[in-house]
Amino acid sequence: MAKPKKKPYNPAEVEEKIYKLWMKSGYFNPDKLKKTGAKKPFVILLPPPNVTGSLHMGHALNATGSDILIRWQRMKGSLAAWLPGIDHAGIATQRVVEKKLRKKGINKLELGREKFLKEVWSWKEEHGDIISGQLKKLGASCDWSRNRFTMDPQYSKDVLETFVHYHKKGLIYRGLRTINWCVRCHTSLSDLEVEYREEGSSLYHIKYGPFVVATTRPETKFGDTALAVSPKDKRYKKYIGKEIEIETLATDGDLAKPRKIKMKLKVVGDTAVDPEFGTGVLKVTPAHDILDFEISQRHDLPIVQVIDRRGKMSEGAGKYEGMKVDEARKKVVEDLKAIDLLIKEKPYHHRTAVCYRCNSTIEPLPSKQWFMKMDKLAKVAAEIVKKKKTVIIPKNFEKGYFSWLNNIRDWCISRQLWWGHQLPVWFCKNNEDEFIVSVKQPAKCSVCKKCKPQQSEDVLDTWFSSALWPFAGLNKKDQKTFYPSSVLTTARDIINLWVGRMIFSGIEFKKKTPFSTVLIHGTILAKSGQRMSKSLGTGIDPLDLINQYGADATRFGIIWQSMGTQDIRWDESAVVAGKKFTNKIWNATRFVMGQIDKKETFNANLKKPRATKPFNKKILAQLEKTKKGVEKDISNYQFGQALHKFYEFFWHNYCDVCLEKAKNNPSKETSKVLFYVLVESLKLAHPFMPFVTEEIYQSLPLKDKKLLMIKKW
RNA sequence: GCGCGUAUAGCUCAGUGGUAGAGCGCUUCGUUGACAUCGAAGAGGUCCCAAGUUCGAUCCUUGGUACGCGCACCA
């Protein structure tokens with residue numbers, strides 16, 4: 001006779017049901033948790049994923065770590081609160097919606113700001129919950145009743161009030177400066193939003209009168225307003241402060257006939273110039289290079305713009321006007337060669353600035369933008385970490401943090417986008433540069449006393465609003481309970497972009513650092529060691545893993561590989577191990593239940609049974625040791641180590657030895673011990689593998705049992 | 001350029017100043033009572049290289065090499 005097939009544990013049948021059970025219980029919400037006697041807040045902020053995002057391995061790693069901490073603390077009796085939310089992600093979202101409209105043949109500009117924003121909002125309504133749903137699939141026990149969006153009315157109000165606050169304090173100003181301009185997104189970017197890409201290019205040596213200048217960007221030469229040398233450079237000392245006459249490329253006349261023209265250029269001495277580089281002479285092009293702009297400010301040099309906002313040569317470039325920058329470079333080099341001003345061309349490895357969102361070239365351009373003065377705030381942010389009010393784990397990231405803060409420039413906070421928090425700035429219609437800063441629209445202009453001022457078209461940098469994440473949009477009572485939070489777990493690439501800014505914002509507005517610990521987890525890489533990315537085809541979708549192996553197995557697989565804060569070369573075999581392990585727990589339970597008298601029920605407050613038999617004594621001792629080890633590891637954020645300990649105990653001590661012994665020595669004592677160890681194991685495993693443990697727990701013959709999720713640790 | 005990290009089994013990684021470990025994979029054997037998503041047994045390692053400290057180094061020190069990452073205004 002054929003043996004009936006046994007059914008292994010099937011996560012698909014269990015997970016959704018269990019998540020609903022948790023949601024229905026309300027214990028994700030600390031208000032409800034309070035009724036169980038929980039008092040001491042333990043708060044984690046979910047780094048708000050972009051509204052455009054969908055769950056990737058980084059999110060999954062981050063969320064699993066946070067969920068382990070939150071579930072552990074909840075079981076330990078803390079008032080555990082995991083506050084989720086979504087970031088409006090200015091540039092990213094605007095791009096997505098623009099693309100979508102373009103496919104339908106709709107142009108953003110034709111549509112107009114108001115209608116475009118309507119489109120973005122409806123896109124948000126449609127997509128805004130996707131990532132929350134994916135986090136739920138992973139088992140994340142966030143307090144969804146407090147789900148925030150960075151453009152919720154209250155959140156937006158807090159953002160605008162922050163702007164007004166800083167402006168009143170004199171920390172926000174408007175100014176014309178050369179800033180990073182993305183020619184595709186058509187907006188300014190902060191220094192932190194610029195990334196660099198290695199590119200082979202050329203270093204051109206060009207004749208400038210008595211000098212030779214080495215540059216990678218000959219096409220910007222029409223915007224030169226000086227030459228700069230190091231004040232210490234003996235070769236050039238005599239020229240400093242003088243005007244020299246040079247021969248250069250003319251911008252007028254026939255494009256086909258390059259010719260020379262004479263012009264005068266001032267020579268300045270500036271310490272920013274490295275005498276060792278190139279020829280030691282720098283052409284100062286204030287409009288198209290940020291360093292050059294700074295030099296121009298120190299020496300009071302004029303700014304001549306020759307490239308426009310589309311990345312094309314502008315009027316200042318004369319006959320080259322309208323050419324794309326790359327084209328112009330080729331042509332200018334050709335022309336310089338033709339008139340014997342190009343000395344040589346050397347291959348050169350160069351790092352080109354690109355937009356962190358769209359990856360296209362950044363063009364430094366002069367533009368009127370809003371800036372935040374950073375010197376004082378940076379000092380505050382550094383102090384907090386120096387004094388260990390906030391501890392960054394691992395410690396070596398502190399170095400980068402400090403070096404960023406020590407060399408910081410003012411933060412460009414305005415963006416030329418439509419999607420975001422529109423600046424609470426109102427311009428007088430009769431005086432271009434006069435404005436009023438106010439959250440509400442002023443009824444009458446206080447400058448000209450006549451007009452109805454018009455709001456600035458700009459919006460704020462997304463990171464300006466994310467900087468307020470630890471408290472913005474929360475009501476007063478919640479702020480009191482949930483600020484400051486406990487641990488922030490996040491990826492290393494946003495330490496400065498986000499974490500540092502949250503720290504000084506927290507001090508500015510709440511007088512306390514927003515979190516005592518920042519845990520920087522590793523990065524999950526492809527097995528090849530490459531970065532996981534969709535475009536490289538190296539990405540792994542955690543949802544595929546969940547569908548194939550179950551959420552518990554996926555979490556197991558991630559945590560199994562998370563040893564401390566090391567990067568992870570992703571290996572799916574760990575998820576396979578996780579699936580086997582969930583099944584092992586499932587089957588061990590079936591065995592234990594078979595050992596127990598069917599009519600017997602246990603008190604939910606199970607006491608440690610007395611053991612006389614050696615193997616029973618032994619397993620109880622091993623359990624205690626494992627508990628201690630797991631507890632210690634979780635406290636130290638060593639999630640992988642904790643999971644390995646539990647695995648070793650459950651599989652190799654409990655199942656391989658203890659259960660086998662029990663087969664040959666059945667007794668009342670043994671079954672009591674087996675049952676006790678099982679229940680304790682479920683508790684230990686729950687933060688790591690919440691679904692299967694809860695499902696089993698619910699099936700146990702326990703009187704007055706509640707949820708494993710809130711079972712006392 | 002400066003800073004940081006990593007190098008241990010076929011793969012992904014733990015670990016320890018004194019016989020080297022796990023998961024996955026592989027080999028052989030084992031299916032009538034928890035589990036074949038299993039059990040038992042096993043193969044598989046110059047612990048990157050060199051020097052130093054030490055009675056003893058995979059571990060500590062120094063110097064290399066390789067790979068990865070971060071920062072910077074070298075035009």
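Here is how names work: the chains are called A, B, and so on, in the same order as the sequence lines, proteins then strands, and each is numbered from 1. None of the values given here were measured: they were computed from a predicted structure.
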Restricting both atoms to N or O, compile the protein contacts to nucleotides 14-16 of chain B shorter than 3.5 Å, with distance only.
none

- Taking the C1' atom of each, how far is B:C67 from B:C49, in whole Å? 15 Å

- Distance, rounded to the nearest Å, where A:L405 contributes CG and B:C71 contributes P: 13 Å

- Item | Consecutive-pair stems (3 or more, Watson-Crick or G-U, under 3.5 Å) for RNA chain B | B:1-7 with B:65-71, B:10-13 with B:21-24, B:26-30 with B:38-42, B:48-52 with B:60-64

Taking any heavy-atom pair under 4.0 Å as a contact, classify [X]: base, sugar-phosphate, or nothing.
| X | answer |
| --- | --- |
| A:V592 | nothing |
| A:I290 | nothing |
| A:Y647 | sugar-phosphate |
| A:K283 | nothing |

- Any N/O donor-acceptor pair, A:K399 side-chain to B:C4 base, under 3.5 Å: no

- Message: Nearest to the A:R409 side chain among B:C73, B:G23, B:G5, which nucleotide is it?
- Response: B:C73

- Item | Pair A:Y239 + A:F211: ring centers closer than 6.0 Å | yes

- Verify the contact: side-chain N or O of A:W651 to OP1 or OP2 of B:G39, cut-off strictly under 4.0 Å; return yes or no. yes

- Query: If you look only at pairs with a residue in residues 645-660 of chain A, which of them pass as a salt bridge (charged side-chain N to carboxylate O under 4.0 Å, His left out), with sequence neighbours excluded?
  - Reply: A:D633-A:K645, A:E660-A:K663

- Note on the structure: From the list A:T215, A:T248, A:D224, side-chain hydrogen bond (donor to acceptor under 3.5 Å, both in side chains) with A:Y208 holds only for A:D224

